[in-house]
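Written out below as structure tokens is the structure these notes cover.
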Amino acid sequence: MTSTVSTADLWIRRYATAEPGAPKLVCLPHAGGSATFYVPMARALAPHCEVLAVQYPGRQDRLAEPRLESLDALADRIVPLLLPYAEDGLALFGHSMGATLAFEVARLLEEAGAVPLALFASGRAAPSRLPAGGTVHQGTDAELAARLRVLGGTYAPVLDDPELLELTLPAVRSDYKAAETYRYRPGAPLTCPVHVLTGDQDPMVTDADARAWAEHTSGPFALDTYAGGHFFLAHHQAPILASVTARLSRA
């Protein structure tokens, strides 16, 4: 007997059980990342909030699937899968590339009449501040690995294992291409609250870059700065979760 997996189950992963009617927090990974990055958040927020972690194609159990190399294409695939969850209240959390993707997902959700409870943008410059172009995705494997080593975080264990690195780099490269070829399209600001998280030593995001997210919403805006580099959130889970919980309760 062959088992079938729905499209929603391929893209949306749950790692903890939440109470009926609990708000949903859709979590979008960084470049090269996977849904499992958000397992600690899912377990910590349950049962009062349910984390829906997005699994992009081309990694882990979706390794054999074609990778998507456009944030717009990813958003177009993700949004229809989220609309059934909007009734319970749905917020978005994205880190790095995932924050830009979360912004585009939020735009599409608002166009569909499903305004998110909030957008949490972590470790990423505002869409209007992202530099045009970028050539990291065009570099050699060694150059790409060197870039990941600078950022540290979840990449560190992979970089020290040649077999894991060989499996991971194609997805990293495709995600970098998606991020580096992204072009912000001016439009109406979001109406949902935007909460930005940033590391005070993040080489990819300046304070001005983070504050510019305020231009992308007509709703409330907040900026929380933490000590650390690009993966600061791995070292500040407790205060970040407390902040997310408090802001979702107010929303």
Side-chain angles (χ1 to χ4, degrees), residues 2-15 26-42 51-82 92-106 108 121-124 130 133-183 204 230-231 233-234:
T2 58
S3 61
T4 58
V5 179
S6 71
T7 300
D9 288 339
L10 281 174
W11 284 84
I12 308 296
R13 308 297 169 89
R14 298 175 177 84
Y15 298 111
V26 179
C27 292
L28 299 148
H30 52 280
S34 61
T36 52
F37 178 72
Y38 291 108
V39 168
M41 183 176 287
V51 166
L52 306 179
V54 175
Q55 183 79 311
Y56 309 140
R59 67 216 66 212
Q60 291 187 336
D61 59 336
R62 302 189 71 185
L63 189 63
E65 297 180 50
R67 298 178 294 276
L68 293 179
E69 298 182 334
S70 159
L71 295 188
D72 290 328
L74 280 165
D76 287 342
R77 295 291 298 275
I78 292 167
V79 168
L81 303 176
L82 299 182
L92 301 163
F93 187 107
H95 181 66
S96 196
M97 179 194 82
T100 308
L101 178 56
F103 170 73
E104 291 298 336
V105 168
L108 292 178
S122 169
R124 190 68 164 169
L130 291 171
T135 59
V136 173
H137 72 280
Q138 298 174 336
T140 65
D141 284 355
E143 289 168 339
L144 189 54
R147 170 72 171 180
L148 301 184
R149 196 171 292 281
V150 169
L151 296 177
T154 59
Y155 297 123
V158 173
L159 294 169
D160 295 330
D161 187 320
E163 291 184 0
L164 276 179
L165 187 61
E166 183 179 359
L167 289 173
T168 303
L169 280 183
V172 173
R173 189 180 300 282
S174 290
D175 289 354
Y176 261 91
K177 182 177 181 180
E180 292 180 332
T181 57
Y182 170 79
R183 297 292 179 271
M204 299 179 66
H230 191 58
F231 284 98
L233 70 173

Evaluate the side-chain proximity of [Y] to [X]: yes if any heavy-atom separation is below 4.5 Å, no if none is.
X      : Y      : value
Arg62  : Leu10  : yes
Trp11  : Pro57  : yes
Leu82  : Ile12  : yes
Tyr15  : Thr36  : yes
Phe93  : Met41  : yes
Leu169 : Leu148 : yes

Find the distance between [atom1] ([X]) and [atom2] ([Y]) and round it off to the nearest 0.5 Å.
X      : Y      : atom1 : atom2 : answer
Met97  : Leu71  : CE    : CG    : 6.0 Å
Leu130 : Thr100 : CG    : OG1   : 5.0 Å
Leu28  : Tyr56  : CG    : OH    : 4.5 Å
Leu108 : Asp76  : CG    : CG    : 6.0 Å
Leu74  : Glu104 : CG    : CD    : 11.0 Å
Ser34  : Arg59  : OG    : CZ    : 7.5 Å

Taking all atoms of both residues into account, what is the closest heavy-atom pair of [X] and [Y], and its distance?
X      : Y      : answer
Ala171 : Gly58  : CB-O, 3.7 Å
Gln138 : Arg173 : C-NH1, 4.1 Å
Arg13  : Asp61  : NH1-OD2, 3.0 Å
Pro29  : Ala35  : CG-N, 4.1 Å
Phe231 : Leu151 : CD1-O, 3.6 Å
Gly32  : Val172 : CA-CG2, 3.7 Å

Check: Do side-chain atoms of Arg124 reach the backbone of Gly98 as a donor and acceptor pair under 3.5 angstrom?
Finding: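 Flag not set: sc Arg124 to bb Gly98 has no pair under 3.5 Å.
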
Margin query: Regarding Arg67 and Asp175, does a basic nitrogen lie under 4.0 Å from an acidic carboxylate oxygen?
Written below: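 A salt bridge is absent here (no side-chain N lies under 4.0 Å from a carboxylate O).
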
Next item on the list: Just do the side chain to side chain contact (heavy atoms under 4.5 Å, CB included) check on Gln60 and Leu167 with the steps written out, would you?
Entry: CA-CA 9 Å; Gln60 291 187 336; Leu167 289 173; over 6 Å; no

Note to self: Can you classify the ring geometry of His230 versus His95 as parallel (below 30°), tilted (30 to 60°) or perpendicular (above 60°)?
What the structure shows: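 Rings of His230 and His95: tilted, 30 to 60°.
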
Check: What's the verdict on side chain to side chain contact (heavy atoms under 4.5 Å, CB included) for Arg14 and Val51, showing C-alpha distance, side-chain angles and the deciding distance?
Finding: CA-CA 6 Å; Arg14 298 175 177 84; Val51 166; over 6 Å; no

Notebook entry, point to check: Among Arg147, Glu180, Lys177, which one satisfies side chain to side chain donor-acceptor pair (under 3.5 Å) with His137?
Noted result: Glu180

Next item on the list: Please report the C-alpha distance between Val105 and Val26 in whole Å, then the side-chain angles of each, then the deciding distance to 0.1 Å, and finally whether the side chain to side chain contact (heavy atoms under 4.5 Å, CB included) criterion is met.
Entry: CA-CA 10 Å; Val105 168; Val26 179; over 6 Å; no

